[in-house]
Amino acid sequence: MHRIAVIPGDGTGPEVVAEGLKVLEAAAGVCEFDYETKIFDYGGRRYLATGETLPDGALEELKNYEAILLGAIGHPKVRPGILERDILLKLRFGLDQYINLRPVKLYPGVECPVRGKGPEDVDFVVVRENTEGLYVGAGGFSRKGTPHEVALQESVNTRRGVERCVRYAFEYARKSGRKKVTLCGKTNVLTFAFDLWERVFNEVSSEYPDIESDYAHVDAICMWFVKNPEWFDVIVTDNMFGDIITDLGAMIQGGMGIAAGGNINPEGTSMFEPIGGSAPKYTGKNVINPLAAISAVGLMLDFLEEDRASKLIEEAIIRLLTSGKMKSLSAGKMGLGTREVGDFVARYVREEKA
Ligand code: IPM
Ligand code: MN
């Protein structure tokens with residue numbers, strides 16, 4: 001019995017999560033596994049009503065679940081930063097989800113914005129460190145509001161945090177049959193943080209002679225995602241660079257409508273989410289693309305060791321994408337409604353069981 005916590009969140013989050021759950025139900029029926037879900041109402045609406053972001057005891061309660069499915073956090077009436085820090089980042093840090101795993105895979109039937117690149121060229125995974133770096137909130141102001149104001153924001157990189165992330169990337173490469181791990185850094189400027197990353201990377205990589213290792217600066221990576229995405233297989237990087245390059249990655253795989261990620265604690269509760277935001281302007285219109293949330297369910301099932309269910313979902317998504325039924329992956333331009341997309345994927349999962 002899998003125990004899954006569901007945080008639909010704000011904006012279009014609840015709509016896409018509903019389609020994810022629809023597909024989960026189909027996959028559970030076909031693959032004959034049991035699961036239970038519990039909905040948690042964390043997000044902007046609860047915050048505006050009660051002043052509470054994550055209530056006391058939320059982290060402890062969530063630790064009783066194997067996985068969390070998250071829709072989106074972010075509300076136009078809440079000042080940016082509050083919900084991100086006190087809900088999303090608090091969950092990632094508090095549950096020690098030290099890996100943010102973001103596959104960048106262009107599916108057949110999806111138009112790549114980079115001319116001449118197809119599914120065989122865009123298929124890699126970014127392993128983003130998820131609990132350290134610039135995201136820890138180290139730093140502060142002095143002389144705030146004066147002409148001599150100073151603002152410092154420091155990147156925290158611990159030996160243990162870097163090593164477990166790099167090791168995860170190599171293990172992931174080996175387990176998933178990938179051939180190469182590239183460290184994405186900035187060793188020419190960030191001579192402390194990425195010195196540590198580089199030393200750890202070299203040490204760990206020597207334990208994996210079967211996996212090729214490589215290094216690229218983050219700025220060059222941005223260039224090569226567009227020019228030569230086929231060069232990449234597994235990329236490991238820090239929290240901030242991982243955040244930035246995975247938005248670019250999402251674009252070359254067809255956009256936010258399809259990009260999903262997992263916040264992984266291999267020994268604890270992991271959280272799966274579409275990478276896109278709460279899209280307030282599309283809320284409640286049945287126009288948002290739920291494929292990213294459905295892909296997040298696929299990723300989640302992979303981590304719950306329901307490999308066949310995960311595979312069926314991916315195949316069903318590809319079947320829909322190659323059917324010509326979807327005109328676009330962008331909200332409002334799909335030619336199908338949010339619920340219809342979910343219905344098709346759920347139906348294909350059921351049909352593909354043979
Ligand atoms: C992401 C988002 C978050 C991040 C924000 C909302 C805090 O951009 O999941 O990539 O920066 O990690
Ligand atoms: Mn981001």
Side-chain angles (χ1 to χ4, degrees), residues 7-13 16-17 20 42-47 53-54 67-105 124-139 153-157 161 165 184 218 221-222 225 235-265 269-281 283 288-289 291-293 295-297 299-300:
I7 306 177
D10 301 314
T12 51
V16 297
V17 160
Y42 309 146
R45 237 173 330 135
R46 181 190 171 113
Y47 174 71
T53 46
L54 272 192
I68 302 168
L69 180 63
L70 176 78
I73 299 287
H75 197 290
K77 296 209 173 86
V78 181
R79 186 162 52 80
I82 296 176
L83 302 171
E84 290 86 339
R85 186 190 62 221
D86 292 350
I87 301 181
L88 185 62
L89 298 179
K90 196 145 187 185
L91 289 169
R92 289 177 181 170
F93 281 68
L95 297 171
D96 200 23
Q97 294 164 340
Y98 60 87
I99 299 297
N100 197 329
L101 191 72
R102 298 189 161 182
V104 178
K105 187 168 177 176
F124 57 89
V125 176
V126 178
V127 175
R128 165 185 173 190
E129 201 291 321
N130 211 32
T131 53
E132 299 197 339
L134 285 166
Y135 278 69
V136 303
Q153 190 105 35
E154 290 164 327
S155 175
V156 175
N157 300 265
C165 178
C184 163
V218 62
I221 286 236
C222 290
F225 271 14
I235 295 171
V236 63
T237 192
D238 83 345
N239 209 343
M240 189 78 257
F241 290 168
D243 176 49
I244 297 166
I245 67 172
T246 54
D247 266 27
L248 182 53
M251 285 301 123
I252 63 170
Q253 73 177 126
M256 288 299 177
I258 190 99
N263 301 274
I264 312 290
N265 175 343
T269 304
S270 298
M271 177 166 74
F272 300 85
E273 55 177 336
I275 293 184
S278 57
K281 74 173 179 186
T283 302
I288 194 80
N289 187 349
L291 284 178
S295 287
V297 169
L299 264 181
M300 175 174 81

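Numbering of ligands and ligand atoms starts at 1, following listing order. Residue numbers start at 1 and run along the sequence shown.
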### Message
Let me confirm one number: the CD-CG distance from Glu132 to Asn239, rounded to the nearest 0.5 Å.
### Response
8.5 Å
### Message
Can you work out which protein residues put a heavy atom within less than 4.0 Å of ligand 1?
### Response
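Correct list: Glu84, Leu88, Arg92, Arg102, Arg128, Tyr135, Asp243.
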### Task
Give a yes or no on whether the ring-centroid distance for Phe225 and Phe124 is below 6.0 angstrom.
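Yes, the ring of Phe225 comes within the 6.0 Å limit of the ring of Phe124, centre to centre.
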Output yes when a side-chain donor or acceptor of [X] lies under 3.5 Å from a complementary backbone atom of [Y], and no otherwise.
X: Asp10; Y: Ser278; answer: no
X: Asn157; Y: Gly133; answer: no
X: Thr237; Y: Cys184; answer: yes
X: Glu129; Y: Thr131; answer: yes

### Considering only N, O or S atoms of Asp243, the one closest to the Mn ion (ligand 2)
OD1
